Amino acid sequence: ATPRPLNIGGIFPIGGSDGWQGGQACQPAAMLAMEDVNQRPDLLPGYELNLAWNDSLCEPGLGAAVMYDLLYNPPTKLMLLGGCSTVCTTIGEAAKMWNLVVLSYGSSSPALSDRQRFPTFFRTHPSATVHNPTRIRVMQKYNWSRVAIIQQAEEVFISTVEDLEVRCKDAGIEIVTRQSFLTDPTDAVRNLKRQDARIIVGLFYVSAARRVLCEIYKNKLYGKSYVWFFIGWYEDNWFENHLVEENLNCTREEMKQAAEGHLTTEALMWNKDNEKTISGMTAGDFRLRLNQALIDRGYENQSTPVGYQEAPLAYDAIWSVALALNKTMEVLAAVNRSIEEFTYTNEEIARELYKAMNATQFLGVSGRVAFSTDGDRIAWTQVEQMIDGRYHKLGYYHVQTDNLTWFNREQWIGSKVPQDRTIVRRQL
Ligand SMILES: CC1(C)CO[C@@H](CC(=O)O)CN1
């Protein structure tokens with residue numbers, strides 16, 4: 001017999017130029033997962049998953065229009081897949097009116113961890129606050145208890161810094177100053193120098209990072225006495241790119257000098273071990289299949305589409321939906337109910353879908369997939385250091401198990417760990 005459809009809706013940021021166009025690689029990745037779950041005889045027996053989707057351009061208004069279009073046109077959707085933070089904030093807040101679970105593969109905003117505002121929201125993409133325990137752990141490793149913060153005035157960085165401040169206080173780490181800027185970091189960087197900041201956490205998008213780096217060079221806030229924590233998901237040679245069109249008045253050489261030695265933190269989005277995951281693929285196998293799928297979509301080899309890094313999150317999001325639907329069908333069958341009875345006003349089935357998603361646990365190509373009580377992705381993070389213009393992996397950290405795996409590869413000028421303050425030596 002032909003399998004009956006289980007319908008879900010998808011909203012992908014593909015076109016446009018604002019925000020994150022990660023749907024370019026994430027939508028193809030989701031389709032690979034649709035193929036895989038529908039081929040599994042043990043999953044959704046008698047049914048097949050069907051994804052209706054459209055492009056949000058990473059614009060919340062258009063995202064809302066796409067959602068209404070998906071919900072007001074048959075067939076009824078059982079869940080929604082969402083993309084960037086701005087769109088998910090809109091979708092996530094509205095979804096409860098339709099009793100819909102929303103699962104995001106591409107939203108990092110800490111605001112989305114608020115269960116009061118987003119009661120049915122889950123994400124395979126970790127919140128930006130996932131970096132903070134790692135930053136603290138590294139500070140503790142080097143006995144840095146006096147740090148400074150500089151951030152771009154964007155919602156995602158403002159709420160990340162608020163979380164970092166709380167964690168620093170709990171860890172007994174003093175924040176000597178917190179500087180923020182809208183677009184021009186000149187004054188903020190100069191104030192760091194005035195406050196004799198030595199260990200500095202910087203939170204900004206990549207083009208603002210280049211402006212900060214040039215100011216660091218001009219203020220000589222780099223070298224043996226300083227340690228900078230930058231975000232690790234910028235492209236590898238971010239500090240050398242776009243200098244002309246962004247009117248940076250620093251040369252590549254000056255940018256490289258200022259960047260030498262900085263640390264980065266980022267969430268792991270590709271499983272770091274080469275073990276077989278729930279789909280039977282290793283993360284390496286998935287990379288090969290994704291590359292082929294992108295070539296089939298017309299992406300040349302060298303032009304990596306936006307969202308390539310996050311593609312495993314989209315692949316695993318579809319598996320999360322399939323497993324949650326599968327679990328819900330089993331639970332309903334035990335009380336002679338069917339998932340086909342789901343409607344946007346059926347709270348009982350909606351509760352079962354929520355419980356099933358909340359209990360998700362599997363090994364995906366993005367690593368172990370599990371959600372916190374706020375629906376946040378529990379993830380490993382990695383620490384790297386810029387050594388001679390290239391990033392070197394220093395270690396991994398998992399906050400839930402306080403597991404710091406360190407490779408002892410870090411390099412400091414003169415082999416001396418930089419101090420977090422000026423040491424005044426008393427003449428005895
Ligand atoms: C790591 C990054 C680039 C953070 O922003 C996410 C997009 C968003 O939060 O809107 C995608 N992944």
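Indexing begins at 1, ligand by ligand and atom by atom, following the structure's order. These numbers come from a predicted model, not from an experiment.
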- With distance as the sole test, does D55 use its side chain to make a donor-acceptor pair with the main-chain N or O of I14 at under 3.5 Å? yes

- Query: NZ of K224: more than 12 outside heavy atoms within 6.0 angstrom?
  - Reply: no

- Message: Quick test of your reading of the model: are R167 and D170 salt-bridged, counting only N-O distances below 4.0 Å?
- Response: no

Are there any N/O pairs under 3.5 Å between ligand 1 and the protein, and if so, what are their distances?
residue, atom, partner, partner atom, Å
ligand 1, 9 (O), S85, OG, 2.7
ligand 1, 9 (O), S108, N, 2.8
ligand 1, 9 (O), S108, OG, 2.7
ligand 1, 10 (O), S85, N, 2.8
ligand 1, 10 (O), S85, OG, 3.4
ligand 1, 12 (N), H125, NE2, 2.9
ligand 1, 12 (N), E310, OE2, 2.8

- Query: Any salt bridge between E253 and K256, counting N to O under 4.0 Å?
  - Reply: no

Show me the donor-acceptor pairs, under 3.5 Å and distance only, between side chains in residues 56-72 and residues at least two apart or in other chains.
residue, atom, partner, partner atom, Å
S56, OG, C58, N, 3.0
D69, OD1, N73, ND2, 2.9

- Message: Does K218 have more than 12 heavy atoms from other residues, nucleotides or ligands lying within 6.0 Å of its NZ?
- Response: yes

